[in-house]
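Take a look at the structure set out below.
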2 protein chains.
Amino acid sequence: MCQNEEVPKVVDSQNRRQSVGEAIHRIAAREGIEGVSVRVVAAEAGLSVGAVQREFRTKDELLRFALDFSIAEVADRFSRVRIGPESLTFAEGMRAVLVDLLPTDDRRRAQARIWAAFYARAAVDTGFAEKLADLDAQARVNLAAALGYAREQGELVSGRNTEALAELLLVMIDGLWLTCARLPEGAPLDGPRAAIDAAVALVTGR
Amino acid sequence: MCQNEEVPKVVDSQNRRQSVGEAIHRIAAREGIEGVSVRVVAAEAGLSVGAVQREFRTKDELLRFALDFSIAEVADRFSRVRIGPESLTFAEGMRAVLVDLLPTDDRRRAQARIWAAFYARAAVDTGFAEKLADLDAQARVNLAAALGYAREQGELVSGRNTEALAELLLVMIDGLWLTCARLPEGAPLDGPRAAIDAAVALVTGR
DNA sequence: TTCGTATCGATACGCCTGTATCGGAAGGAT
DNA sequence: ATCCTTCCGATACAGGCGTATCGATACGAA
């Protein structure tokens, strides 16, 4: 009953949550969010139904966790791209972010599919929509900084409203992400790549 | 058993299919595609389960029909925008198409939500993905024509690859459509509008 | 060792799903 | 009027769902 008794429990719990997150990832990538049920998740994670239930009281909690889990991964991926002096130019950074969305491996392909499912759910679930809106707000801040830097460096096409450009880029990221989600397994990525090239060229004025 | 006996049956059948399509629209806009079940659809359309079953042998057939139903509506909406001499300039047409996607009324809001669901399903259902790919192909053709006309008229920003621009616009349409899908009911549309302005400005070089 | 508690997996519950089946109404043809 | 076909809606069925419950087990405290 002493406090440090909880230490192993918490660790265990975190491990379980992690593996549940991964399990949901795999299932959702395979069959969409509709295929995610408590039983299936438990089986995929090698846990009993009870174990999953004890970790997540309701299915909603489960899916919310899965979204957070995915957001963390994507945010981490984006945050690795550093734009600034002694680092990437804006054009390089913008290209890096967009190219990184392309489904060039299984993990990325799976993530694109999961996000498609999350987006769809956000359309009818306020909680999901809010989380994505938060993510957007955060992205807007980062984009504003990047675009400001680009303007300083003369990298930006002249005479454009920075906020509007940020909105356009947000929309473009969503579109690219979702377009990629519905490409078949071995499909060529020429189309998306061309879109990225065009976007970078237009925004930076070449 | 004579042939014209089928005439009223066919008409009836088409009416039923139409009302089923509308019913699915309403349900999917309200609760997402997960909420679409045979029973619920039947109730929403004021039909018996058997009637729906007779019209659509399986649920898959039902959803496929719903997608076709929605594609027809969107295609019709787009086809009303005419770009060319004695009609809209490219910039006007492009803006019209994009603005028309905004959830400015209930019907548009519902449609955006439904498409979010369809996109998500296309990520895990080959049949859906193919239908959307066909739609993309068709849009590519139309965009190519519009962009060609724009180039002729000197409306297009110079030195850009037309095919790449078309890909970018496709991605942007998807992104705009889906971003709108997850906006809350009365949310301001400033962001999307700014994105549209920026897109039109960039593509036409002002 | 024995007790008390906390955590475990299994299973029960009621509901909803997609689909199949079936008795009866309806309505031309004879 | 009778038959026969066609279409109708109600209901049956098996299975999956989210969630609640419960006996067994493991394990630290006494």
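Order of the sequence lines sets the chain letters (A, B, ...), proteins ahead of strands, with each chain counted from 1. These values consider heavy atoms only, across backbone and side chains, with no hydrogens, waters or symmetry-generated copies.
Ion pairing between A:Lys131 and A:Asp134 fails under the 4.0 Å rule for side-chain N and carboxylate O. Note on A:Asp105 versus A:Arg108: salt bridge recorded, some NZ/NE/NH1/NH2 to OD/OE distance being below 4.0 Å. Under the 4.0 Å criterion applied to side-chain N and carboxylate O atoms, B:Glu163 and B:Arg140 are not assigned as salt-bridge partners. Using a 4.0 Å cut-off between a side-chain N of Lys or Arg and a carboxylate O of Asp or Glu, A:Asp106 and A:Arg109 qualify as a salt bridge. A salt bridge between B:Asp68 and B:Arg64 is absent, with no side-chain N of the basic residue lying under 4.0 Å from a carboxylate O of the acidic one. A salt bridge links B:Asp174 to A:Arg182: at least one charged side-chain nitrogen sits closer than 4.0 Å to a carboxylate oxygen. The pair B:Arg80-B:Asp76 meets the salt-bridge criterion, with a side-chain N (NZ, NE, NH1 or NH2) lying under 4.0 Å from an Asp/Glu carboxylate O.
Rounded to an integer number of Å, the gap from A:Leu63 CG to D:dG18 C1' is 12 Å. Atom CZ in A:Phe56 sits about 19 Å away from atom C1' in D:dA20, given to the nearest Å. Rounded to a whole Å, the CZ atom of A:Arg16 is 12 Å from the C1' atom of C:dG9. If you measure from atom CG of A:Asp60 to atom P of D:dC17, you get 17 Å, rounded to the nearest angstrom.
Between the side chain of A:Arg57 and the base of D:dG18 there is no donor-acceptor pair of N/O atoms closer than 3.5 Å.
Regarding contacts with the backbone of D:dC7, every side-chain N or O of B:Arg54 stays at 4.0 angstrom or more from both OP1 and OP2.
Residues of residues 116-126 of chain B that place a heavy atom closer than 4.0 Å to DNA chain D do not occur.
With A:Arg95 as the fixed residue, the side-chain hydrogen bond (donor to acceptor under 3.5 Å, both in side chains) test singles out one of A:Asp197, A:Asp100, A:Thr89: A:Asp197.
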Shorter than 3.5 Å, N or O on both sides, protein versus nucleotides 11-18 of chain C: list them out with atom names.
residue	atom	partner	partner atom	Å
C:dT17	OP1	B:Ser37	OG	3.2
C:dG18	OP1	B:Lys59	NZ	2.8
C:dG18	OP2	B:Val38	N	2.9
C:dG18	N7	B:Arg39	NH2	2.4
C:dG18	O6	B:Arg39	NH2	2.7

